[in-house]
Amino acid sequence: MADGEAAAARLARGEPVREVLPGDDPSAWTALDAGVRSIACCPADHLWLPAWEKIPSGRIVAGLVREGRPLTEAQLALALCHRDGKIRRAALGPAAEHPGLLPLVVVRCSDWVPQVREPARRLLAETLDAGAAVRLLPLILRVGRRDRGDFATGLATALLRTAPSGTLAPLYTHDDRAARRYAHRLAVDEGLLSPAELARTAARDSDTVVQSLCADAALAALADGAHGDVLEPLLAARGPRARSAGVTALRRAGRPERAVEFLGDRSGLVRACARYVVRQHGGDPRAWYRERCADPAGVSPGAVLGLAECGERQDAVLLWPLLGHPAPAVRARAVAGLRTLDVTDIARLLPALDDPAPAVVRQAALSLLPSAASLDTGPLTRRTGTGWPPHVRIAAFRLLDAHSVPSRLRTAVALADDGDDRLRTLALRSLRTWGFATGPRGRAETEELLDRARRRIDELTSARPGG
């Protein structure tokens with residue numbers, strides 16, 4: 001809204017539309033539309049007016065429109081967004097001579113006033129071509145999500161369905177995610193991209209919707225024998241959705257043996273698909289994982305998690321030694337894998353709280369949380385001291401915060417003004433929970449700690465500016 005008000009004021013001062021609203025950013029045009037109608041009190045005459053109408057050259061816009069006198073492009077932009085529907089409607093006629101105002105014609109196609117909406121739709125139908133539809137598609141799609149906003153989307157779709165196949169090309173790599181999704185759906189429906197192009201798109205695009213859409217469409221062509229052109233880009237894709245689609249298709253493509261390569265993939269989705277294909281081919285994923293985890297020199301983080309995902313509790317014997325593996329990622333996955341197997345040995349997990357790798361400490365804390373009430377608070381309290389790394393201090397706090405009421409209160413009070421922002425935030429959040437609690441009755445220590453918690457909150461609140 002603020003950006004739209006500022007843009008309206010610049011237009012009222014006579015700045016060119018192309019400088020105030022460069023490019024075709026949909027948010028800039030919709031913000032202008034709202035900003036033009038944003039009102040504020042005018043102290044001079046006690047009238048409520050938009051800020052841009054307090055500017056002399058902006059105050060005359062409505063009068064010029066009513067009198068049928070010529071307006072600059074900047075003034076027309078203001079008139080097309082005016083709070084008075086009659087002004088908006090009258091501005092549509094001269095707007096036809098200004099292609100730079102076509103985005104506002106798109107916006108007016110969803111206008112809540114029928115006498116504005118219908119002329120805007122007629123004007124858009126007369127002026128919009130396939131090239132402009134591509135250029136304005138992000139705005140058209142945004143307006144299309146509004147009530148009465150489907151006209152512009154339908155018009156653009158009709159134009160683009162019959163346009164030359166290369167017309168959509170700029171949208172395939174557009175920064176706007178909704179535009180990319182739209183363009184690829186249309187390309188799939190109309191068969192505008194080859195299976196190989198779809199596979200490369202699925203492997204390249206960062207959006208999971210585009211990945212799935214293009215991967216599924218590409219794999220539909222496997223029956224035509226285009227295995228290499230389709231499968232290889234998918235199997236090499238960075239996104240797990242595209243990779244998993246390629247792995248699943250290996251069985252149908254008659255290449256199930258390649259699925260073994262993906263049993264240790266970094267993605268759980270890809271690993272699950274690989275296990276399915278390997279089992280269908282008569283293989284034993286669990287045996288493969290056990291062999292890898294028994295060899296610390298060749299084990300990967302994905303293989304560790306894979307064993308936990310399909311193994312049994314007795315497989316924990318292979319994961320415990322990996323808590324000392326030189327690779328932090330392997331150590332972290334080993335802790336997570338033990339938790340997946342529902343195997344917890346507190347004495348063996350506690351040393352992992354001191355690991356130099358934050359990921360390992362996080363996983364250890366998650367594994368110990370269900371047993372937090374049984375842990376010795378002394379070592380944990382020491383780990384919250386300033387001499388410990390931040391990730392160790394935070395893990396120790398989380399475990400103490402899941403301990404008994406006195407431990408929680410003592411820890412939160414002690415860390416409420418800690419120098420570490422994240423730790424201080426966690427302590428204050430815990431304090432506020434207890435600050436308004438009645439607490440368990442009958443325990444003097446708990447009552448005293450609750451009083452301290454309330455006082456600490458009061459102190460911190462009064463110390464804040466405005467407190």
Please check: side-chain N/O of [X] versus main-chain N/O of [Y], any donor-acceptor pairing under 3.5 Å?
X      : Y      : value
Ser212 : Thr208 : yes
Arg121 : Cys109 : yes
His325 : Ala327 : yes
Gln363 : Val360 : no
His403 : Leu375 : yes
Arg393 : Gly385 : yes
Ser194 : Glu197 : yes
Arg108 : Arg117 : no
Glu309 : Gly268 : no
Thr340 : Ala336 : yes

Considering only heavy atoms from C-beta outward, does the side chain of [X] approach that of [Y] to under 4.5 Å?
X      : Y      : value
Leu198 : Leu213 : no
Phe262 : Ser267 : no
Leu193 : Val188 : no
Val260 : Val277 : no
Leu235 : Leu250 : yes
Asp345 : Trp320 : yes
Val105 : Leu128 : no
Arg243 : Asp265 : yes

Kindly compute the distance separating [atom1] ([X]) from [atom2] ([Y]), expressed to the nearest 0.5 Å.
X      : Y      : atom1 : atom2 : result
Cys273 : Leu263 : SG    : CG    : 11.0 Å
Arg410 : Leu415 : CZ    : CG    : 12.5 Å
Leu380 : Thr411 : CG    : OG1   : 8.5 Å
Arg383 : Ile394 : CZ    : CD1   : 15.0 Å
Asp25  : Leu32  : CG    : CG    : 12.0 Å
Asp354 : His391 : CG    : NE2   : 8.5 Å

Determine the minimum heavy-atom distance between [X] and [Y], stating which atoms define it.
X      : Y      : value
Val106 : Ala152 : CG1-CB, 4.2 Å
Pro358 : Pro356 : CD-O, 3.4 Å
Pro195 : Ala218 : O-CB, 3.5 Å
Ala215 : Ala202 : N-CB, 3.7 Å

Less than 4.0 angstrom from a charged side-chain N to a carboxylate O is my criterion; do [X] and [Y] meet it?
X      : Y      : answer
Arg37  : Glu5   : no
Arg200 : Asp229 : no
Asp421 : Arg424 : yes
Arg286 : Asp315 : yes
Asp342 : Arg313 : no
Asp284 : Arg279 : no

Please check if any side-chain donor atom of [X] sits under 3.5 Å from a side-chain acceptor atom of [Y], or the reverse.
X      : Y      : answer
Arg339 : Ser367 : yes
Ser27  : Thr30  : no
Tyr182 : Thr157 : yes

**Asked** How would you list all residue pairs meeting side chain to side chain donor-acceptor pair (under 3.5 Å) that involve residues 159-169, not counting sequence neighbours?
**Response**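 Sorted result for residues 159-169: Arg161-Glu190.
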**Prompt:** Around Asp295, counting heavy atoms of other residues, nucleotides and ligands shown, do more than 12 lie under 6.0 Å from its CG?
**Reply:**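 Yes.
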**Prompt:** Considering residues, nucleotides and ligands other than Arg348, do more than 12 of their heavy atoms fall under 6.0 Å from its CZ?
**Reply:**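 Yes, CZ of Arg348 has more than 12 neighbouring heavy atoms, counting only those of other groups under 6.0 Å.
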**Item:** Residues forming a ring pair (Phe, Tyr, Trp, His ring centres under 6.0 Å) with Tyr172, sequence neighbours excluded
**Value:**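 Applying ring pair (Phe, Tyr, Trp, His ring centres under 6.0 Å) to Tyr172 gives His184.
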**Request:** Begin with the C-alpha distance, continue with both residues' side-chain angles, and end with the deciding distance and a verdict on side-chain contact (heavy atoms from CB on, under 4.5 Å) for Leu231 and Leu219.
**Result:** CA-CA 8 Å; Leu231 281 178; Leu219 290 173; 4.2 Å; yes
**Request:** Give the C-alpha distance, both sets of side-chain angles, the deciding distance and a yes or no for salt bridge (Lys or Arg N to Asp or Glu O under 4.0 Å) between Asp111 and Arg148.
**Result:** CA-CA 8 Å; Asp111 200 283; Arg148 306 172 298 273; over 6 Å; no
Give the table of side-chain donor-acceptor pairs shorter than 3.5 Å for residues 131-138, with sequence neighbours excluded, one pair per line with atom names and distance.
unit_1	atom_1	unit_2	atom_2	d
Arg135	NH1	Asp24	OD1	3.1

**Check against side-chain contact (heavy atoms from CB on, under 4.5 Å), Val335 and Leu323** = CA-CA 7 Å; Val335 177; Leu323 267 61; 4.1 Å; yes
**Item:** Sole residue of Arg180, Arg238, Arg177 in salt bridge (charged side-chain N to carboxylate O under 4.0 Å, His left out) with Asp205
**Value:**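 Testing Asp205 for a salt bridge (charged side-chain N to carboxylate O under 4.0 Å, His left out) against Arg180, Arg238, Arg177 leaves exactly one candidate, Arg180.
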**Message:** Determine whether Arg271 and Tyr289 satisfy the following criterion, side-chain hydrogen bond (donor to acceptor under 3.5 Å, both in side chains), listing intermediate values before the conclusion.
**Reply:** CA-CA 11 Å; Arg271 290 194 300 270; Tyr289 288 129; 5.0 Å; no
